[in-house]
Structures are given as structure tokens and as C-alpha cells.
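Worksheet for the structure shown next.
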Amino acid sequence: MNVLACIAFVILGFGHPGFWLLGLAAEAAVLPALAFNKRFQNVVDAAERQLTSGDSQNKRTALVQALPPDDRKRIEALDRKCAKVLDVYRNAQAEEFETNRDALDNLKWVYTKLLIARFHLLTAGTDDTAESLQRKILSIQKDLQDAQETPALHQSKAATLDILKRRLANIERREQSLEEVESDLTRVESQVDLILDNAAMQGKPQTISTDLQLASDLVSGGLFGDAESAVADLDRDYDQPRASGKTSVSGAT
């Protein structure tokens, strides 16, 4: 209707230029009104969210496809549960539907990041375990007690011992990170199960709370390997819903 009115003012303006001024005045009055119109704002926000969501979904899909089959199955299982939750809220025509959808989207993204981090931790580095390195360390420590070794050989083995100890520390940190990630994965799965139970049992739909304090450090980076840049891009895409207070899933610092 606004476009048709503009066209009409343009055509009438050729007959009398005063219509052009009148049209400008009308447009100046309408635009500010639309800017503060809640319904108009909702339409614009929904359009922007759809464009951003579609792009984010494509990026997320690409990252998921790079994961092993078992990890993809875990994500699919979580997605199905989240879809059931949204069905409950959609059927109830709940006002919280969009808010809860954004909250679940962020929760699914955190779950995906945890699986990416887990995959990177499992595949990065060598096949050595903490036990195998400890055996090598004990062997070299025993050799260093041999007084008949030359100074050069003793120095070389001492340097190797230092390297092995640092490698052992790295592997122990990796194993600790794996335990934290697996614990967080279980926690997110349990949280979604609770959300689904609540959605099915409660008579009145409520706003979903996904405020989790994760054990894993997903904030400082370094856990995602080659996917680090793609994860950072998606973090920026998902930042707006988190900034609006619709969900808060934080990592340890």
C-alpha cells in the first residue's frame, strides 16, 4: 500500500509539482511510525533471522558432515528431541515459541562444538598414551643412573627425558579435556531430556532455560583444530540470540 501511494504521488506530480512535496511529507510521516511499530519490527526481525539462520545452518551442516558417523548420529538424536519440544510449543501456540527456538538452536550449536572438540582431541597428536610415555621415561631415568655413559650420551638422554615429560604433560591435559568434553556432552543431553519432559508435562508452556556452566573451555579456542575459523564464524552468527538474553551457555575460563 505504501508503494502504491508513492507511485500515485509521482504520477500526480507531473500534473502539479505540489503533489511531489505532499508525497515527501507523507513518506516522512509514515517511516518513523513504522520504525516504532512493534508489528513492523517483528516482521523485519523475522526476515533478518531467517536469512542469518539459513546461512548458519549451512555452515553447521558442513561441520557436522566432517564428523564421524557415530557423532553425527548423536547430533541427529539431539535434533529430534529439540524438534519434539518445539512441536509442543507450536501446537500450544505459545508466545515463547521463537525465544525457545533460539535457545534450543544455541544449545544444539554448543553440543556440536563439543563433538568437534572431542573429535579433534581424539585425532590430534600421536598414538602414544600416558602409559607408554611413562614406560619410556622410566627406562631413560634408569639409563641415566649408569655412570659409565659418556657425558655427551648422558646429556642427550637427559634432553630426551625432558621432552618426554613435556609430552606426557600434554597428553594428560588432553585426556583431562576429553573427560570434561564427554561430561559436558552428557550434561547437554540430560538438559534437553529435562526440557522435553517439562514441555510434555507442564500445562502452560514456559520460557526454556539453557543456562549451563560447562567444564570445557570452548571460549579461548584451540580445541577445534582445522575447524577453528569456521567455529569462530558460527559463534559470531549465534552471538545475537545469546546477547539478547535468550540463552546463556558459558564455558570455563
Side-chain angles (χ1 to χ4, degrees), residues 56 59-76 78 106-190 212-239 242 248-253:
S56 299
K59 295 177 185 176
R60 178 175 178 264
T61 299
L63 288 173
V64 170
Q65 290 303 315
L67 292 172
D70 288 344
D71 289 349
R72 295 200 298 269
K73 289 180 181 178
R74 293 181 73 172
I75 291 176
E76 290 170 1
L78 192 82
N106 279 274
L107 196 57
K108 289 189 294 184
W109 168 232
V110 170
Y111 190 74
T112 301
K113 285 202 298 182
L114 287 167
L115 284 173
I116 294 172
R118 178 177 176 272
F119 177 64
H120 172 63
L121 289 168
L122 286 172
T123 56
T126 67
D127 294 332
D128 283 321
T129 64
E131 291 76 14
S132 66
L133 287 178
Q134 286 171 346
R135 287 194 295 268
K136 292 178 181 180
I137 289 173
L138 289 174
S139 176
I140 292 180
Q141 286 176 333
K142 184 178 180 180
D143 291 342
L144 289 175
Q145 295 175 359
D146 187 355
Q148 296 180 355
E149 288 186 345
T150 63
L153 181 58
H154 187 279
Q155 182 178 4
S156 177
K157 288 188 175 182
T160 301
L161 179 62
D162 180 64
I163 293 173
L164 290 175
K165 287 182 176 179
R166 282 186 284 171
R167 289 192 59 208
L168 177 60
N170 287 338
I171 287 180
E172 289 175 341
R173 282 196 296 269
R174 184 179 70 181
E175 291 179 349
Q176 179 182 352
S177 296
L178 279 169
E179 291 179 1
E180 292 171 351
V181 167
E182 193 59 51
S183 177
D184 287 338
L185 285 167
T186 302
R187 184 174 183 183
V188 172
E189 291 166 351
S190 300
L212 301 178
Q213 183 70 35
L214 300 179
S216 310
D217 183 5
L218 299 181
V219 178
S220 59
L223 283 180
F224 308 113
D226 294 339
E228 196 78 44
S229 177
V231 168
D233 287 343
L234 271 168
D235 273 338
R236 285 189 287 270
D237 290 343
Y238 282 99
D239 184 62
R242 286 200 300 270
S248 174
V249 185
S250 52
T253 57

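Atoms considered below: every heavy atom in the structure, side chains included; atoms not considered: hydrogens, waters and symmetry mates.
Every side-chain contact (heavy atoms from CB on, under 4.5 Å) that Thr123 has, sequence neighbours left out, goes to Phe119.
Of the possible polar contacts, none joining the Ser139 side chain to the Arg135 backbone as a donor-acceptor pair under 3.5 Å is found. Between the side chain of Ser183 and the backbone N or O of Glu179 there is no donor-acceptor pair closer than 3.5 Å. Under a 3.5 Å cut-off, the side chain of Arg72 and the backbone N or O of Val64 do not form any donor-acceptor pair.
Side chains of Thr61 and Gln65 form a contact here, defined as non-hydrogen atoms less than 4.5 Å apart.
Atom CG of Leu121 is separated from atom CG of Leu178 by 4.5 Å, given to the nearest 0.5 angstrom. How far CG of Leu138 is from CG of Leu133: 11.0 Å, rounded to the nearest 0.5 Å. Atom CG of Leu223 and atom CD1 of Ile116 lie 11.0 Å apart (nearest 0.5 Å). Separation of atoms CD1 (Ile75) and CZ (Arg60) is listed at 6.0 Å; rounding is to 0.5 Å. Taking CZ of Arg118 as the start and OG of Ser216 as the end, the distance is 12.0 Å to the nearest 0.5 Å. In this structure, CG on Leu144 lies 8.5 Å from CG on Leu153, to the nearest 0.5 angstrom.
Considering every non-hydrogen atom in both Val110 and Leu214, the closest pair reads CG1-CD1, 3.6 Å.
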Original post:
How far apart are the C-alpha atoms of Leu67 and Arg74, what are their side-chain angles, what is the distance that settles it, and do they pass the side chain to side chain contact (heavy atoms under 4.5 Å, CB included) test?
Top reply: CA-CA 11 Å; Leu67 292 172; Arg74 293 181 73 172; over 6 Å; no
**OP:** Just do the salt bridge (Lys or Arg N to Asp or Glu O under 4.0 Å) check on Arg187 and Asp184 with the steps written out, would you?
**Re:** CA-CA 5 Å; Arg187 184 174 183 183; Asp184 287 338; 5.4 Å; no
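Other residues, nucleotides and ligands contribute only 12 or fewer heavy atoms inside 6.0 Å of the CD atom of Gln155.
Note on residues 160-173: pairs passing side chain to side chain donor-acceptor pair (under 3.5 Å), not counting sequence neighbours, are Thr126-Arg167, Asp128-Arg167, Asp162-Arg166, Asn170-Arg173.
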